[in-house]
Engineer: 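This is the structure I want to talk about, given as structure tokens.
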Amino acid sequence: MGSIQNAEVARIFEEMAELLELQGANAFRVRAYRTAAQRIGDLSESVAQIVNDPDRSLQEIPGIGKDLAEKIETIVNTHTLPQLEELRAELPAGLVQMLRIPGLGPKKVALLHKELKINSLEDLKQAAEQGQISGLKGFGKKTEQSILEGLEQVESAGDRAYLADAQVQAEAIVAALAAHESVGHVTAAGSLRRRRETVGDLDILATTSDPAAVMDLLASHRLVTRVLQRGDTKQRVRLDSGLELDLRVVPEESYGAAMQYFTGSKEHNIAIRRRALERGLKINEYGVFRGEERIAGRTEEEVYASVGLPWIPPELRENRGEIELAEQGRLPKLVKLADIRGDLHMHTTATDGTASIREMAEAARARGLKYIAITDHSKRVTMAGGLDADALRTHWKEIEKVRKEVSGIEILKGVECDILENGEMDLPDEVLAEADWVIAVLHYGLKQPKEQIDKRLLNAVRCPHVDIIGHPTARVVGRRPPVNFTPEQLFKAAADHGVMMEINADPHRLDLDDIHAAAAKAHGIPIVISTDAHSTGGLDLMQYGVYQARRAGLEAKDVANTRTLSAFRKMLRRG
DNA sequence: GCCGTTTTCGGCCCGACTGTTTTCAGTCG
């Protein structure tokens with residue numbers, strides 16, 4: 001039996017929270033499970049490892065007390081939790097699905113279950129169509145109608161959007177609202193501002209002397225298909241992409257407090273408000289108050305200062321220790337896009353790219369880069385026309401030719417070499433030895449058991465010609481889970497052998513993720529942020545990799561491709 | 001269920017909007 005992943009423990013606790021909530025359990029008890037699920041999900045170290053270490057205690061983790069520590073041990077040892085099994089036996093799985101319908105929370109779902117014996121989305125649909133629901137206490141015709149609409153919505157499930165897609169839509173709407181004469185500030189807040197890899201909905205904040213006019217403007221925007229709610233200060237709309245957007249209107253003097261509030265995360269805000277309470281203050285979206293008196297709120301800096309903290313970058317606001325760092329004056333000086341000097345992962349027409357070596361080099365130079373590596377696929381990737389030893393050597397000769405023709409940018413001869421299913425590299429050592437830069441990657445056999453994945457990654461790290469592991473977990477955001485591997489083992493070996501780790505900037509990959517990248521940094525491993533561009537336009541994805549690095553708390557010094565080429569070369573194991 | 005230089009008991013972030021209500025509960029973020 002393999003050791004259990006933190007994500008699985010987190011999922012069990014999250015389900016416990018949902019089921020307890022449906023059962024009408026104490027809300028703070030429910031919150032305790034949610035908090036624990038979040039903390040465990042955020043942990044870079046595996047809980048299984050802590051359980052197995054006699055010198056460690058799970059209760060070191062904030063939000064884990066005696067009871068939850070015992071439950072985690074049970075989960076680690078048996079891969080299940082008796083209390084969860086009991087709850088599942090009492091509450092049909094369909095009830096949890098019903099919670100996804102907007103407007104239905106645990107109380108209403110529990111009532112539907114109790115009064116109408118509704119156990120599934122199908123039951124719910126039938127009951128709503130037959131008009132049984134509007135007869136219930138607390139339910140009316142409108143609720144019944146919105147349930148029917150919600151059912152359709154859930155069926156055509158609009159998942160969370162990729163950050164890059166959400167950002168395009170947010171920018172279009174922000175620009176449209178900013179053009180209104182009454183508008184002072186307008187900004188996107190929420191998970192978009194925190195640069196999470198996916199975004200559930202958009203939060204836009206505006207100051208204006210004429211809220212009604214701005215809401216009218218939003219309602220008429222080409223991307224908006226429907227107004228879902230509208231009050232004096234808040235409007236919720238649905239976009240044609242399926243994303244929903246909240247517009248909040250606040251007075252100018254509350255702008256900073258509102259930005260802080262609506263940027264979140266929820267967990268970060270709860271911690272900040274708790275600090276405020278300790279100081280006899282109250283923080284809400286309108287400002288910081290001592291009794292009736294507003295003492296701050298125009299800027300975010302004021303809000304943080306009121307609780308004795310410096311301004312905290314949005315990417316760090318997840319209550320993962322950033323408040324403690326801020327308190328100690330140890331917040332990282334996060335890496336910026338402008339710090340990036342080189343891009344070390346890209347493809348050309350030699351394999352599955354759409355541009356030539358020369359076009360990629362010139363496009364990179366136009367973006368201010370000083371060096372790039374051309375890293376086409378190795379032969380295992382037949383679909384992309386991967387290169388064998390001969391083809392690769394020919395390709396490298398071509399790179400040498402372009403080097404002489406294009407000035408102002410250095411071009412490294414690289415390769416993205418597959419780590420085969422059996423753990424061998426896809427190209428012979430003597431070929432890899434001729435490269436300037438070798439990225440080793442997993443593309444196939446991603447469902448292999450943990451032991452085999454670990455073996456493949458370790459073999460690659462031990463191969464003397466490998467410089468970096470590319471998109472190390474091979475996950476695709478929201479589509480394909482990460483490979484089952486042992487992060488501590490990989491990072492320790494990489495640190496020992498001088499192998500770097502990639503943050504792949506493709507918005508669908510963003511791999512390493514923030515948690516793993518922070519763990520790699522803790523091992524002292526240099527991180528390289530690369531676009532994996534397959535076209536000249538693909539070079540613009542660098543921003544998303546930088547966002548992910550910032551969420552991991554990385555500074556420019558932690559990111560190897562912020563160095564000059566000569567300084568970067570000195571960091572390579574090949575010297 | 002967690003947590004604690006005021007506490008081991010009694011707190012736990014806070015407000016807007018909707019629908020169904022005559023003053024509020026539930027949901028959401």
Side-chain angles (χ1 to χ4, degrees), chain A residues 13 16-17 20-22 24-40 58-72 83 98-112 133-147 149-150 189-194 199-205 211 215 227-237 244-250 254 257-258 260-289 303 307 319:
Chain A
F13 281 175
M16 283 292 292
L20 285 168
E21 208 170 24
L22 283 168
N26 177 295
F28 297 108
R29 187 174 165 221
V30 172
R31 182 189 292 174
Y33 278 95
R34 291 237 156 83
T35 307
Q38 190 222 350
R39 300 312 287 236
I40 291 165
L58 290 166
Q59 293 187 51
E60 294 163 19
I61 306 167
I64 306 293
K66 183 163 172 293
D67 184 274
L68 288 179
E70 280 172 16
K71 289 194 168 68
I72 294 171
Q83 289 90 339
M98 285 163 63
L99 292 173
R100 283 157 49 206
I101 294 173
L104 285 191
K107 294 278 176 16
K108 286 204 162 111
V109 169
L111 193 75
L112 289 166
I133 289 174
S134 53
L136 281 181
K137 188 168 50 147
F139 291 77
K141 277 286 167 205
K142 284 198 169 174
T143 307
E144 193 167 69
Q145 189 55 35
S146 85
I147 285 173
E149 287 170 17
S191 50
L192 184 90
R193 184 164 178 242
R194 301 201 312 281
V199 173
D201 58 15
L202 302 177
D203 295 290
I204 291 184
L205 196 62
M215 289 187 190
V227 176
L228 302 170
Q229 289 181 355
R230 177 165 171 166
D232 295 334
T233 64
K234 177 178 165 183
Q235 183 179 27
R236 187 169 177 89
V237 300
E244 293 184 2
L245 178 151
D246 277 324
L247 171 67
R248 284 294 293 252
V249 176
V250 297
S254 299
Q260 199 283 327
Y261 183 94
F262 291 110
T263 296
S265 68
K266 195 175 185 176
E267 291 75 15
H268 174 88
N269 285 355
I270 287 173
I272 292 291
R273 283 172 191 210
R274 189 171 294 139
R275 261 181 97 84
L277 285 177
E278 288 165 8
R279 287 165 171 71
L281 303 173
K282 186 179 79 167
I283 298 181
N284 61 27
E285 60 262 56
Y286 297 112
V288 182
F289 296 86
V303 175
V307 292
N319 194 30

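Chain naming here is simple, since letters A, B, ... match the order of the sequence lines and numbering starts at 1 in each.
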Engineer: Give the rounded distance in Å between these two atoms: CD1 of A/Ile270 and P of B/dC28.
Structural biologist: 17 Å
Engineer: Describe the nucleic acid contact of A/Leu202 in one word from base, sugar-phosphate, nothing, applying a heavy-atom distance below 4.0 Å.
Structural biologist: nothing
Engineer: Measure the shortest side-chain to side-chain distance between A/Val109 and A/Ile101 over non-hydrogen atoms and say whether it is less than 4.5 angstrom.
Structural biologist: no
Engineer: Does the side chain of A/Asp246 reach to within under 4.5 Å of the side chain of A/Phe262, using non-hydrogen atoms?
Structural biologist: no
Engineer: Under 4.0 Å, counting only non-hydrogen atoms across every strand here, what does A/Thr233 touch: a base, just sugar-phosphate, or nothing?
Structural biologist: sugar-phosphate
Engineer: Given A/Asn269 and A/Gln260, is the side-chain hydrogen bond (donor to acceptor under 3.5 Å, both in side chains) satisfied, shown in steps?
Structural biologist: CA-CA 8 Å; A/Asn269 285 355; A/Gln260 199 283 327; 3.1 Å; yes
Engineer: Glycosidic conformation of B/dT20, syn or anti, with 90° from 0 as the boundary?
Structural biologist: anti
Engineer: From the set B/dT27, B/dA16, B/dG1, return the single nucleotide nearest to any side-chain atom of A/Lys108.
Structural biologist: B/dT27
Engineer: When the P atoms of B/dT21 and B/dG11 are compared, how many Å lie between them, rounded to an integer?
Structural biologist: 33 Å
Engineer: Whole Å only: how far is the CE atom of A/Met16 from the P atom of B/dG1?
Structural biologist: 8 Å
Engineer: Roughly how many Å apart are B/dC17 and B/dC12, using the C1' atom of each and rounding to a whole number?
Structural biologist: 24 Å
Engineer: Roughly how far apart, to the nearest Å, are B/dC3 and B/dC13 at atom P?
Structural biologist: 13 Å
Engineer: May I ask you to decide whether A/Arg274 forms a salt bridge with A/Glu278, counting only side-chain N to carboxylate O separations under 4.0 Å?
Structural biologist: no
Engineer: Return the nearest nucleotide to the side chain of A/Leu277; candidates are B/dG29, B/dG1, B/dC14.
Structural biologist: B/dC14
Engineer: With a 4.0 Å limit, can you tell me whether A/Arg236 has a side-chain N or O closer than that to the phosphate oxygens OP1/OP2 of B/dG29?
Structural biologist: yes
Engineer: Rounded to whole Å, please give me the gap between NZ in A/Lys66 and C1' in B/dT8.
Structural biologist: 14 Å
Engineer: Please pick, from B/dG1, B/dC17, B/dC13, the nucleotide with the shortest atom-to-atom distance to any side-chain atom of A/Gln229.
Structural biologist: B/dC17
Engineer: Rounded to the nearest angstrom, tell me the gap between atom NZ in A/Lys234 and atom P in B/dC28.
Structural biologist: 11 Å
Engineer: Counting side-chain heavy atoms from CB outward, which of B/dA16, B/dG26, B/dG1 is closest to A/Ala32?
Structural biologist: B/dG1
Engineer: Does any part of the side chain of A/Asn319, heavy atoms only, come nearer than 4.5 Å to the side chain of A/Ile270, both counted from C-beta?
Structural biologist: no
Engineer: Just N and O in the side chain of A/Lys282: are any of them under 4.0 Å from OP1 or OP2 of B/dG15?
Structural biologist: yes
Engineer: Please report, rounded to the nearest Å, how far the C1' atom of B/dG29 is from the CZ atom of A/Arg194.
Structural biologist: 11 Å
Engineer: Judged by each residue's nearest nucleotide on DNA chain B, which is more toward the 5′ side, A/Gly140 or A/Arg274?
Structural biologist: A/Arg274
Engineer: With a 3.5 angstrom cut-off on both distances, give the Watson-Crick or G-U wobble partner of B/dG29, or none if there isn't one.
Structural biologist: B/dC14
Engineer: Report the distance from atom CD of A/Glu149 to atom CG of A/Leu228, rounding to the nearest 0.5 Å.
Structural biologist: 9.0 Å
Engineer: Would you please confirm or rule out a distance under 4.0 Å between OP1 or OP2 of B/dC28 and any side-chain N or O of A/Lys266?
Structural biologist: no
Engineer: Does a side-chain N or O of A/Thr143 approach OP1 or OP2 of B/dT20 to a distance below 4.0 Å, or not?
Structural biologist: yes
Engineer: Whole Å only: how far is the CZ atom of A/Phe262 from the C1' atom of B/dC17?
Structural biologist: 12 Å
Engineer: At under 4.0 Å, does any side-chain N or O of A/Asn284 touch on OP1 or OP2 of B/dG15?
Structural biologist: yes
Engineer: What is the nucleic acid contact for A/Arg31, judged by heavy atoms within less than 4.0 Å: base, sugar-phosphate only, or nothing?
Structural biologist: base
Engineer: Between atom CD in A/Glu244 and atom P in B/dT27, what is the gap in whole Å?
Structural biologist: 17 Å
Engineer: Is A/Thr35 near enough to B/dC12 that one of its side-chain N or O atoms lies under 4.0 angstrom from OP1 or OP2?
Structural biologist: no
Engineer: Categorize A/Asp232 for me: base, sugar-phosphate, or nothing, with a 4.0 angstrom heavy-atom threshold over every strand shown.
Structural biologist: sugar-phosphate
Engineer: With nearest nucleotides of DNA chain B determined for A/Glu144 and A/Gly105 from heavy-atom distances, which residue corresponds to the more 5′ nucleotide?
Structural biologist: A/Glu144
Engineer: Do A/Lys71 and A/Phe13 meet the cation-pi criteria used here (NZ or CZ under 6.0 Å from the six-membered ring centre, within 45° of the axis)?
Structural biologist: no
Engineer: OP1 or OP2 of B/dC13 sitting under 4.0 Å from any side-chain N/O of A/Arg275?
Structural biologist: no
Engineer: Within this structure, what is the CZ-to-P distance between A/Arg34 and B/dC12, rounded to whole angstrom?
Structural biologist: 19 Å
Engineer: Measuring to OP1 and OP2 of B/dA16, would you say a side-chain N or O of A/Tyr286 lies under 4.0 angstrom away?
Structural biologist: yes
Engineer: Pick the C1' atom in B/dC2 and in B/dT8, then give their distance to the nearest Å.
Structural biologist: 12 Å
Engineer: In whole Å, what separates the P atom of B/dG10 from that of B/dA16?
Structural biologist: 31 Å
Engineer: Choosing from B/dG29, B/dG26, B/dC12, which nucleotide comes nearest the side chain of A/Lys107?
Structural biologist: B/dG26
Engineer: Have a look at A/Asn269 and say if it touches a base, only the backbone sugar-phosphate, or nothing, with a 4.0 Å heavy-atom cut-off.
Structural biologist: nothing
Engineer: May I ask you to evaluate whether A/Arg273 reaches the phosphate of B/dC14, defined as a side-chain N or O under 4.0 Å from OP1 or OP2?
Structural biologist: no
Engineer: Please determine whether a side-chain nitrogen of the Lys or Arg among A/Lys234 and A/Glu285 lies less than 4.0 Å from a carboxylate oxygen of the Asp or Glu.
Structural biologist: no
Engineer: Using atom C1' of each nucleotide, how far apart are B/dT6 and B/dG1 to the nearest Å?
Structural biologist: 23 Å
